[in-house]
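As structure tokens, the structure follows; a few thoughts come after it.
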Protein chains: 2
Amino acid sequence: MTTMANEGLTIAEAADRTGLTTHTLRYYERDGLMLAEVGRTSAGHRVYTERDLTWLVMLTRLRATGMPIREISAYAALCRARDGNEDERLALLRAHRRRVLDQLAEVTDHLGAIDNKIGLYESRTSTSPR
Amino acid sequence: MTTMANEGLTIAEAADRTGLTTHTLRYYERDGLMLAEVGRTSAGHRVYTERDLTWLVMLTRLRATGMPIREISAYAALCRARDGNEDERLALLRAHRRRVLDQLAEVTDHLGAIDNKIGLYESRTSTSPR
DNA sequence: CGTTGACTTCGACCGGGCTCGAAGGACGAG
DNA sequence: CTCGTCCTTCGAGCCCGGTCGAAGTCAACG
């Protein structure tokens, strides 16, 4: 099974392209993380569109920056409710952005301290820096 | 019970000063994360020294930058084995440093994409930026 | 002395985020 | 046909990093 029709990928292809596993894709869908219902073939097999893929990339970014599944689910629900809730979505994203920035700053700070420690070891042993 | 003797804190004081819970402190100790055996009073109560506190701060930094418990345990073990294993410790820290840097870069990248998304919403709704 | 209260150990449990396996259905290749 | 592959659902299991509670001990205060 290569492509199906053209536009419309199998779950395996979607997994390939997103770097997620088929198990994870099904899990995300179950948990209401998809923006829109994932299509099915007559046989009941999932069909992913490019739109789905695009969302999965965004979803992956949100996950990779630490947004909890619950919150992504909430965001997806807002998007699904085609309403004038854009400000809510925006607020959600902005709150996330803030948290990520804070966390970046914190990690950077900790990293500095770790670097100091590394510096101490370097100055005490024969191991040359870098 | 306030201070005990002077220098030498109870677990509750150590918890206060590190921001960890007493449960977590005991858990860390059980898991071999401490640099040196934590002292005990005659009654069997833990006594934390300033040295312990200093290490707990470092430990917290390692955790906050994502070093797994296992690896911290390995590092602590190296430190406990008073040997010429400084190069191993250094290697461990440098590997961690690398991972943290990579992760910072990745998160920053994802954040950029999220910012773009935010920008789109901002340009589409009445909500003012900032 | 008795009561308080902070401590001890031990082992069970929790929440998040997957990860996996069993059982069964479709379909194309040979 | 039959085989093999890929899919389906469902529910259980796993790893991590704590988190909690029960039951017991000890020192100090009144």
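Please read all numbers here as calculations on a predicted model, not as lab measurements. Per chain, numbering begins at 1; letters A, B, ... match sequence-line order.
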Pairing residues for Arg98(B) by the salt bridge (Lys or Arg N to Asp or Glu O under 4.0 Å) criterion, not counting sequence neighbours: Asp102(B)

Side-chain N or O of Thr10(A) closer than 4.0 Å to phosphate OP1/OP2 of dC7(D): yes

Base-contact (B) and sugar-phosphate-only (S) positions in nucleotides 25-30 of chain D, heavy-atom cut-off under 4.0 Å, - elsewhere: -S----

Minimum side-chain heavy-atom gap Arg17(B)-Glu50(B) below 4.5 Å: yes

Acceptor/donor pairs from residues 76-83 of chain A side chains to any protein atom, 3.5 angstrom cut, sequence neighbours excluded:
from: Arg80(A); atom 1: NE; to: Met34(A); atom 2: O; distance (Å): 3.1
from: Arg80(A); atom 1: NH2; to: Gly32(A); atom 2: O; distance (Å): 2.7

Side-chain N or O of Arg46(B) closer than 4.0 Å to phosphate OP1/OP2 of dC7(C): no

Using a cut-off of under 3.5 Å, enumerate the N/O to N/O pairs linking the protein to nucleotides 13-23 of chain C.
from: dG16(C); atom 1: OP2; to: Arg70(A); atom 2: NH2; distance (Å): 3.0
from: dG17(C); atom 1: OP2; to: Ile69(A); atom 2: N; distance (Å): 3.3
from: dC18(C); atom 1: OP2; to: Tyr28(A); atom 2: OH; distance (Å): 3.1
from: dC18(C); atom 1: OP2; to: Arg63(A); atom 2: NE; distance (Å): 2.8
from: dC18(C); atom 1: OP2; to: Arg63(A); atom 2: NH2; distance (Å): 3.4

Value in whole Å for how far the P atom of dC7(C) lies from OH of Tyr48(B): 10 Å

Non-hydrogen side-chain atoms of Leu92(B) and Met67(B) separated by less than 4.5 Å: yes

Whichever hydrophobic residues join Leu111(B) through chains of side-chain contacts under 4.5 Å: Val100(A), Leu101(A), Leu104(A), Val107(A), Leu111(A), Val100(B), Leu101(B), Leu104(B), Val107(B)

Residue pairs, two or more places apart or on separate chains, that pass side chain to side chain donor-acceptor pair (under 3.5 Å) and touch residues 53-63 of chain B: His110(A)-Arg61(B)

Spacing of Leu9(A) atom CG relative to dC7(D) atom C1', expressed in whole Å: 15 Å

Atom pair distance, as rounded to whole Å: CG in Asp31(B) and C1' in dG18(D): 10 Å

Heavy-atom pair with the smallest gap, counting every atom of Tyr28(A) and Ile69(A): CE2-CD1, 3.8 Å

Distance test, side-chain N/O of Arg26(B) to OP1/OP2 of dG21(D), below 4.0 Å: no

Thr18(A) vs Tyr48(A) side-chain heavy atoms within contact, under 4.5 Å: no

